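Since the structure comes first, as structure tokens, the remarks are kept for the end.
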Amino acid sequence: MTKRPRDVTDAELAILQVLWSQGPSTIRQLTDILYPERTAAQYATVQKLLQRLETKTCVKRDRSAAVHVFDATISRDDLIDRKLRTVAEKLCDGSLTPLLTHLVQADRLTVEERKMLRELVERLDRESGHSDSSL
């Protein structure tokens, strides 16, 4: 049985969001952004969260300099995919269709968002050789 990747906590997600927006960063840089008051306990918290993310293979550490630099190894899109698939498995027997249908209906998409969604479905249909788009 394949071991599923462990889920990312909200605190770990906050670190990933900084890495996605700022790029590779040191523990100090991450602490300054996430905790502007910069206490020693907060620095230690960021350090521990980075260790956990490294164990989960969500970040990598560059040890080539005296100060280690961390970078995200998982993209925002990959994490979204992982989380949506987990929810689909738990609530929808693995199918994304009920989940996506609910999101589209419940979130009241704008005209522009619906247009973008139609264009995406049409592009995916063209790429896969299907021509019928009912969206």
Side-chain angles (χ1 to χ4, degrees):
M1 180 181 217
T2 305
K3 185 178 177 185
R4 291 185 47 218
R6 293 187 306 182
D7 200 13
V8 174
T9 67
D10 289 345
E12 293 165 346
L13 179 58
I15 293 208
L16 286 172
Q17 288 172 327
V18 173
L19 291 173
W20 290 329
S21 65
Q22 302 292 318
S25 304
T26 65
I27 296 173
R28 175 68 58 212
Q29 291 167 327
L30 291 164
T31 303
D32 288 349
I33 292 168
L34 293 169
Y35 303 104
E37 53 277 5
R38 296 176 223 118
T39 67
Q42 290 161 334
Y43 182 92
T45 297
V46 171
Q47 185 175 31
K48 185 64 175 174
L49 291 169
L50 284 164
Q51 289 170 349
R52 290 179 184 165
L53 284 167
E54 192 174 21
T55 299
K56 294 177 182 182
T57 67
C58 293
V59 300
K60 65 180 177 180
R61 181 190 313 228
D62 179 358
R63 292 178 161 93
S64 63
V67 177
H68 296 181
V69 177
F70 294 83
D71 195 13
T73 59
I74 187 169
S75 70
R76 185 183 313 265
D77 286 343
D78 287 343
L79 186 58
I80 290 169
D81 182 62
R82 181 193 295 181
K83 287 188 166 283
L84 285 177
R85 289 190 184 281
T86 299
V87 170
E89 288 171 17
K90 288 180 181 177
L91 300 177
C92 309
D93 295 323
S95 173
L96 288 172
T97 302
L99 180 62
L100 295 173
T101 302
H102 175 77
L103 289 172
V104 169
Q105 291 174 342
D107 281 347
R108 294 185 175 62
L109 299 175
T110 66
V111 171
E112 184 62 30
E113 290 168 332
R114 286 193 311 270
K115 179 183 175 195
M116 289 173 53
L117 189 55
R118 274 190 211 94
E119 290 171 356
L120 173 63
V121 169
E122 289 169 1
R123 180 179 57 81
L124 292 172
D125 282 347
R126 282 191 306 274
E127 291 173 0
S128 69
H130 296 97
S131 60
D132 181 40
S133 174
S134 58
L135 191 68

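Index from 1, following the sequence. What you are looking at is a predicted structure, and each value in this text was computed from that prediction instead of being measured.
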Name all residues meeting the side chain to side chain donor-acceptor pair (under 3.5 Å) criterion together with [X]; count only those two or more places apart in sequence or in a different chain, and write none if there are none.
X     : value
Glu12 : Thr9, Lys56
Lys48 : none
Glu37 : Gln42

**Report entry** Contacts of type side-chain contact (heavy atoms from CB on, under 4.5 Å), residue Asp10, not counting sequence neighbours
**Finding:** none
Query - Contacts of type side-chain contact (heavy atoms from CB on, under 4.5 Å), residue Thr97, not counting sequence neighbours - result: Ser95, Thr101
Taking C-beta and beyond as the side chain, do [X] and [Y] meet within less than 4.5 Å on heavy atoms?
X      : Y      : value
Thr31  : Thr39  : no
Leu30  : Leu50  : yes
Tyr35  : Thr45  : yes
His68  : Ile27  : no
Tyr43  : Arg28  : yes
Val111 : Arg114 : yes
Val121 : Asp125 : yes

Are [X] and [Y] within salt-bridge range, i.e. N to O under 4.0 Å?
X     : Y     : result
Arg61 : Asp71 : no
Arg85 : Glu89 : no
Glu54 : Arg63 : yes

Ignoring hydrogens and angles, write down the donor-acceptor pairs under 3.5 Å from the side chains of residues 15-22, residues two or more places apart or on other chains.
residue	atom	partner	partner atom	Å
Trp20	NE1	Ile74	O	2.8
Ser21	OG	Gln17	O	3.2
Ser21	OG	Val18	O	3.2

Query raised in the report: If only atom types and distance count, is the side chain of Thr73 paired as donor or acceptor with the main-chain N or O of Cys58 below 3.5 Å?
Result: yes
Requested in this report: Give a yes or no answer on whether the side chain of Glu119 reaches the backbone of Met116 with a donor-acceptor pair at less than 3.5 Å.
Outcome: no
Query raised in the report: Within a radius of less than 6.0 Å around NZ of Lys115, do more than 12 heavy atoms belonging to other residues, nucleotides or ligands occur?
Result: no
Query raised in the report: Linking I/L/V/M/F/W/Y whenever their side-chain heavy atoms sit closer than 4.5 Å, directly or via other members, would Val69 and Leu53 fall into one cluster?
Result: no
